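In what follows, residues are counted from 1 in the order of the sequence shown. Owing to the predicted nature of the structure, the values given are computational and were not obtained by experimental measurement.
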Amino acid sequence: MALLLHQPFLFYTTKTPSIHTPKSTAFRNPRNRALKCAAVAAPEISGDSKEDVLVDEERGRVQVVGYDWTEEWYPLYLAKNIPEDAPLGLTVFDKQVVLFRDGNGELHCYEDRCPHRLAKLSEGQIVDGRLECLYHGWQFEGDGKCVKIPQVGLFLIYDIFLIYCGMLFSCVVNSQLHGTSIKLPADANIPRSACTKTYEVKDSQGVVWIWMSHKTPPNPNKIPWFENFARPGFKDFSTTHELPYDHSILLENLMDPAHVPISHDRTDWSAKREDAQPLRFKVTERTSRGFAGWWGREADNSTPNFLRFEAPCNLQNNREIVDKDGVTNYFSGLFLCRPSGQGKSMLIVRFGSTKRSPLANIFPEWYFHQNAGKVFEQDMGFLSSQNEILMREKVPTKELYINLRSSDTWVAEYRKWMDKVGHGMPYHFGHSTISMPVEPAVVEHAPAGFVASIAASSPAKGGIGIKYAPNLANRYFRHVVHCKDCRNVVKAFEAWKNRLSVVAALSVTFAILFNGRQWKALFLLATAVFAGGAYVCSTVVDMNTTNFIRTHRRL
């Protein structure tokens with residue numbers, strides 16, 4: 001699973017870009033730094049051979065292309081996980097939106113604030129297919145129009161009566177002469193300004209996408225289409241994770257196959273640290289909207305894996321394998337990332353193929369979901385530290401990274417792409433350029449493990465001592481709350497654990513009360529069986545809700 005997770009078979013803005021290229025001599029080229037410590041840390045990068053090891057540097061000025069981050073489709077959520085009976089609050093960069101289904105099952109998306117007193121609409125509820133603000137009960141539908149305000153509805157009959165009396169005398173003659181009738185607007189007491197800002201959303205291949213611009217009409221041609229997912233016989237499983245670090249750091253990690261054998265050693269028996277080796281990369285495409293190319297292990301002398309990164313933050317890894325009968329089988333790993341605030345991101349992961357291993361059919365889908373959570377938790381500590389250092393140093397990655405040709409080609413390509421388009425984003429960390437966020441990013445210090453156990457016992461919304469505190473350090477709030485299947489699994493196994501525990505307690509009570517040896521033996525055996533079942537249920541719940549804690553071992 002770990003191996004599959006990481007290596008599976010622009011419009012110009014008028015805003016003045018805030019781009020910073022450091023000129024201080026305090027920031028030295030990492031190649032020079034490599035020379036200084038070569039005798040200790042990296043003798044292979046010493047001397048003239050460093051040009052054969054490090055990623056090539058482009059000469060000349062940084063290329064800049066027209067780009068506006070709002071004129072893009074962002075992946076909001078998996079369609080199957082959108083609640084039928086409640087609104088869903090989400091963010092794209094710093095824009096808060098609320099997504100919900102109306103009474104006909106149609107999707108609507110508004111700015112996540114009520115025009116009355118700015119309360120979050122995502123804290124509301126669905127009433128008769130309308131989105132209701134829980135502060136004062138204002139209800140919205142369709143294109144964001146307010147159709148009900150309880151506080152004015154009480155006076156509606158009285159208002160109609162007054163209007164009717166005032167108009168009756170002056171209009172009765174005209175009404176009779178011209179055959180017209182007296183009509184009142186349906187929203188007579190609701191201000192026209194009582195409406196919400198709406199966003200265009202589309203469901204494509206099981207993912208709901210949002211167009212963020214209110215200046216430019218939605219461009220349907222920009223919605224990504226993933227060919228493999230439309231092939232006959234293609235089956236996939238999808239999962240969602242909210243993560244406590246910047247989306248660019250997440251994408252860097254996902255397009256970095258070199259770290260998998262080390263970081264995810266023995267995760268699902270697919271990654272082994274002894275398999276760490278140089279990789280081969282071949283860039284075949286560079287455009288204003290991303291890049292693409294092939295990669296593979298240098299020892300195999302081939303590049304069978306195809307990677308494509310496409311704006312704004314979509315990444316896919318594909319592979320084709322021809323079997324002994326000459327049939328081509330297609331494998332895809334799709335990573336759809338959404339910036340969800342300073343130092344936070346949300347990721348939709350989709351894996352699929354036209355040929356599935358029989359072993360994969362044995363395990364339930366929740367097993368793969370919890371294992372994906374383990375994979376992200378293995379990365380969390382050092383990805384959070386990256387986030388912290390980038391925010392603190394305030395210099396481009398060129399001044400901080402040492403990019404090797406044999407492992408970091410995609411990372412360098414991504415940061416160089418950010419150089420092209422970063423001026424059109426709220427903030428960016430490029431290879432040679434940088435524009436800092438207005439507000440500091442959320443910094444998580446190694447949120448997996450011990451910190452998560454503390455977070456799980458902290459006060460939570462709805463009470464104190466709740467097991468699953470709303471904190472991204474906790475697996476339950478990073479994944480389970482976003483996954484309908486895993487929520488149902490946790491609820492079901494929690495219920496069975498409680499039932500079996502009660503039955504086990506009754507069984508041991510009967511064993512104490514009965515005198516006959518046979519009855520005692522029978523009830524004690526039943527107690528062991530029921531207690532064992534309760535333990536299994538508890539283990540399944542823990543697998544879905546408890547963070548992986550890395551244990552370091554000496555090789």
Side-chain angles (χ1 to χ4, degrees), residues 1-5 81 237-243 263-271 349 351 357-381 446-458 460 465-509 511 523-553:
M1 176 64 189
L3 192 61
L4 283 176
L5 184 60
N81 286 332
F237 75 87
S238 306
T239 179
T240 304
H241 302 268
E242 195 167 6
L243 300 163
S263 299
H264 309 301
D265 183 23
R266 267 65 184 182
T267 301
D268 237 12
W269 306 287
S270 58
V349 183
F351 291 111
S357 168
L359 189 62
N361 296 323
I362 297 176
F363 296 95
E365 189 161 316
W366 63 259
Y367 174 83
F368 295 104
H369 286 200
Q370 64 84 29
N371 197 72
K374 180 195 302 183
V375 170
F376 287 117
E377 286 151 12
Q378 289 171 333
D379 287 340
M380 253 183 220
F450 180 69
V451 177
S453 66
I454 296 176
S457 61
S458 298
I466 302 287
K467 181 176 181 182
Y468 310 123
N471 189 311
L472 291 188
N474 188 286
R475 185 186 293 191
Y476 187 89
F477 272 85
R478 285 201 321 274
H479 168 67
V480 177
V481 295
H482 300 294
C483 180
K484 188 179 297 183
D485 292 337
C486 288
R487 282 201 308 274
N488 292 336
V489 166
V490 171
K491 289 179 182 178
F493 278 94
E494 282 274 21
W496 275 107
K497 181 189 71 174
N498 294 335
R499 295 189 191 107
L500 291 171
S501 298
V502 170
V503 175
L506 291 174
S507 182
V508 74
T509 301
F523 281 117
L524 287 175
L525 178 61
T527 300
V529 171
F530 292 129
Y535 175 78
V536 170
C537 292
S538 178
T539 300
V540 172
V541 171
D542 287 343
M543 288 175 68
N544 283 277
T545 60
T546 304
N547 281 18
F548 164 84
I549 299 177
R550 186 186 297 276
T551 55
H552 297 279
R553 59 188 178 85

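Counting heavy atoms from C-beta outward, Arg475 and Phe376 have side chains that stay 4.5 Å or more apart. Annotation: side chain of Met380 is in contact with side chain of Leu243 (closest heavy-atom distance under 4.5 Å).
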Query raised in the report: Could you walk me through whether Asp379 and His264 pass the side chain to side chain contact (heavy atoms under 4.5 Å, CB included) check?
Result: CA-CA 8 Å; Asp379 287 340; His264 309 301; 3.1 Å; yes

**Report entry** Trace of the salt bridge (Lys or Arg N to Asp or Glu O under 4.0 Å) decision for Glu494 with Lys491
**Finding:** CA-CA 5 Å; Glu494 282 274 21; Lys491 289 179 182 178; over 6 Å; no

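Taking the side-chain contact (heavy atoms from CB on, under 4.5 Å) definition, one finds that Val489 meets it with Trp366, Phe493, Val540, Asn544, sequence neighbours left out. Scanning for side-chain contact (heavy atoms from CB on, under 4.5 Å) contacts around Lys484 gives Asn81, Arg487, Asn488, with sequence neighbours left out. Here Thr509 pairs with Leu513 under the side-chain contact (heavy atoms from CB on, under 4.5 Å) rule; sequence neighbours left out. Applying the side-chain contact (heavy atoms from CB on, under 4.5 Å) criterion to Val481, with sequence neighbours excluded, gives Tyr476, Phe477. By the side chain to side chain donor-acceptor pair (under 3.5 Å) test, Ser507 is found to be paired with Thr527, residues two or more places apart in sequence or in another chain being considered. Partners of His482 according to the side chain to side chain donor-acceptor pair (under 3.5 Å) rule, which considers only residues two or more places apart in sequence or in another chain, are Tyr77, Glu242.
The only member of Leu506, Val503, Val508 that meets side chain to side chain contact (heavy atoms under 4.5 Å, CB included) when paired with Phe530 is Val503.
We find the NZ-CE distance between Lys374 and Met543 to be 7.0 Å, quoted to the nearest 0.5 Å. Between the CG atom of Asp542 and the SG atom of Cys537 there is a distance of 11.5 Å, given to the nearest 0.5 Å. Note that the OG atom of Ser238 and the CZ atom of Phe351 stand 10.0 Å from one another [nearest 0.5 Å]. Taken from CZ in Arg478 to SG in Cys483, the straight-line distance is 13.5 Å, to the nearest 0.5 Å.
Here the closest non-hydrogen pair linking Ala531 and Ala504 is N-CB, 3.9 Å. Considering all non-hydrogen atoms of both residues, Thr545 and Asn474 come closest at O-OD1, 4.0 Å. Scanning both residues, Ser538 and Lys497, for their nearest heavy atoms gives CB-CD, 3.6 Å. Of all the heavy atoms in Phe548 and Gln378, the pair that sits closest is CE2-CG, 3.4 Å.
Residue pairs satisfying the salt bridge (Lys or Arg N to Asp or Glu O under 4.0 Å) criterion with at least one member in residues 360-370, sequence neighbours excluded, are listed as follows: Lys80-Glu365.
Aromatic ring pairs are classed by plane angle as parallel below 30°, tilted from 30° to 60° and perpendicular above 60°; the pair His479 and His369 is perpendicular.
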